[in-house]
Amino acid sequence: MKYEDLQLLTIWSSPTKSDLCQFISDNLSNEHAITQLFFIDATNSFPLSQFQQLVPPTLPENVKIYENIRINTCLDLEELSAITVKILQMLSMNKISAQKGTKDAEVDSLKIILYINGLEVMCRNSQFKSSPQRSHELIRDILLKLRVMGNDETASIRTLLEFPKEQLLDYYFMKNNKTNMPSMRNKRRRVKNGDSLAEYVWKYYADSIV
Amino acid sequence: MSFGIPLSQLIVDSPKPLSSGITGLDEILNLGFQARSIYEIFGPPGIGKTNFGLQLVSKLLEAMQQSEANDDRILWIEAFQDMPINILRERFPEFDIVKENLKRVRITKFGQLLYFFQNLFKLSQSMKYKLIIIDGFSQLVCDHLCTLSKRSGGTLDKTIHELKCRHLILIFTAMTKYTHSTGSTIILLNDCMNTAFQSNEFESLEEDYEVLEDGSNFYVNSNSERRKNNVHILKSALVANIAMGGKDSTWEVFLRDRIGLFRDWNEQVDETIFVKSKRVKTPSSRDNAGCTIREMRINKRNYETFRIAIVFNLHGEDGKRDGGRLKRTRNSVYRHRIVKFDFDKATGEFRDIIDQNINAGLISTLSTNNSSCLQVFVNMDSDNNLIPNAEGKEEIIYDSES
């Protein structure tokens, strides 16, 4: 999975640690030295030891990769919103420098991968802190902002959202049975409990599921 | 403009993992218990969870003594059981280091614990604990859920699982905030419970389930014909309590690892068949003692008991995946990693098992057939598997008149 192949907003369902490490390594290698990865997480899940095995930090050519990965801990949607705004400001500043027309700025146009894990935890914590309505507003606001900025040709940002497979039952049912109708069992569950957050994001915001 | 911590800095800032003293376990945990993480340790009563916690405290104190850097502090939160401080007094004759670096606090309510961690986070710049151990965390949660259930008069019963998940997310969020801001490690020492425990109505459970005659207090069989999958397993009391359900993964994401401590035995270590004499009184005997001599064949087996630690695969390692399907593999080797160890009575510490015979046979024993350990987490096909060596070649007679 290369940066160029990613769509604006992609759901990655239960990636293995090795797949995740490989993805990061492929996209932040020396050919892509200008790509930054923001790993936003609610649960300290960055696979550090596996990544260190795959990309030894002691090698001089890998130093830049380790500098370009930034870890953020984020436990509710207010924090996520603040981080998103900062990233978008960074992209805007980069865009302004690019518009000034200097050749260097054009070459150094920033590519950002935003990897978010634990969105459901953040959402639940926001519900506790404020209200379900506020939490819903924040989710919509964050995802829309990310899509809008991703659509801008001069500001490159691609978002990956990690969700467990168990929260995408409808998607896998439809994929495995090659149908457009969700199963009756899931329908009953949905009537009772509503969509899971992963299903909501998949239906209304995400471009694809990996 | 930059924000977040660069990965390079995170590696430099990360302290050395805390060793458990058990080599195999340390290897699985990537050199030990990591900083900025929450671990759960659970097991049946008497398996040594508190001792394990004390061992971690001792290891950290020893490391402090060796490095002469006494800045690190340890917090022991006791819920219902006093911390056995005397053991530390024996291990550290110069008790000053324990007094200075180990703090204890008693918390008996879930709400108190939540409030405590929220305040601890606010004071995280001045109150940095490298290691926090909560002994009896699951009991606090279970008591909290029972209280809520009773108070609601049964109206919460259908949503109690959802409530449990929400409250656990709340407290784990507070804990995670603290661990991330201070780089500390939190260890939860929990009980384990049979998954048949689903309500407070023990009478109805007795009607539905029967205890198997294998001497186990936990492993029960369902009488109900409808349930074909009638094996119940030992799980953490955070999972198996009055609020069981399918959404435990929502709070389990906060746990770095879940470690179950159980007992196991090594089968057929020493099988000796010998002939033994025994006096039996018969009415037809004419000798003075009124006894005759009979020969008995005795098949004596020695079982070497030891402990095992199962590191559960909470976050879906590579072996669990099956294409795009949601099918779970039943192969325990892929799902969990198993380490065996033992308790050294002389030193009062857990240690590796050095005996090569046991080491060679263990994994195959655990993953293939008759083992008590497998009763813990794998759905067995036959009840015969419950009793070790049920198909023994010789009748086993344990004779007390030697």
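First the proteins, then the strands, lettered A, B, ... as listed; each starts at 1. All figures in this text were calculated on a predicted structure; none of them were measured in a lab.
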When rounded to the nearest 0.5 angstrom, what distance separates OG in B:Ser8 from CG in A:Asn68? 9.5 Å

How long is the gap from SG on A:Cys74 to NE2 on B:His180, to the nearest 0.5 Å? 11.5 Å

Measuring heavy-atom distances to chain B, does A:Gln52 have an atom under 4.5 Å in its side chain, in its backbone, in both, or in neither? side chain

Most contact-rich option vs chain B, by heavy-atom pairs under 4.5 angstrom, among A:Leu48, A:Ile83, A:Thr43, is A:Thr43

Side chain, backbone, both or neither of B:Ile169 within contact of chain A (heavy atoms, under 4.5 Å): both

Looking at A:Arg124 and B:Glu162, is there a salt bridge between them, counting it only when a charged N and a carboxylate O are closer than 4.0 Å? yes

Can you tell which part of A:Phe51 gets under 4.5 Å to a heavy atom of chain B, answering side chain, backbone, both or neither? side chain

Chain A contact via B:Ala174 - side chain, backbone, both or neither, heavy atoms under 4.5 Å: neither

How many angstroms lie between atom CD1 of B:Ile5 and atom CZ of A:Arg70, to the nearest 0.5 angstrom? 10.0 Å

Spacing of CD belonging to A:Glu79 relative to NZ belonging to B:Lys177, to within rounding of 0.5 Å: 5.5 Å

CA sep, side-chain torsions, deciding dist, call: B:Phe254, A:Leu75, side-chain contact (heavy atoms from CB on, under 4.5 Å): CA-CA 11 Å; B:Phe254 289 98; A:Leu75 287 155; 4.1 Å; yes

Tell me which of these, B:Arg36, B:Gln34, B:Arg256, has more heavy-atom pairs under 4.5 Å with chain A than the rest. B:Arg36

Within this structure, what is the CG-CD1 distance for the pair B:Leu7 and A:Ile71, rounded to the nearest 0.5 Å? 5.0 Å

What part of B:Arg166 lies closer than 4.5 angstrom to a heavy atom of chain A: side chain, backbone, both or neither? both

Roughly how far, to the nearest 0.5 Å, is OG1 of B:Thr173 from CG of A:Asp76? 8.5 Å

B:Asn30 and A:Ser49: which non-hydrogen atoms are nearest, and at how many Å? ND2-CB, 2.9 Å

Chain B heavy atoms under 4.5 Å from A:Glu67: which part of the residue, side chain, backbone, both or neither? both

Could you tell me which portion of B:Ile11 (side chain, backbone, both or neither) has an atom closer than 4.5 angstrom to a non-hydrogen atom of chain A? side chain

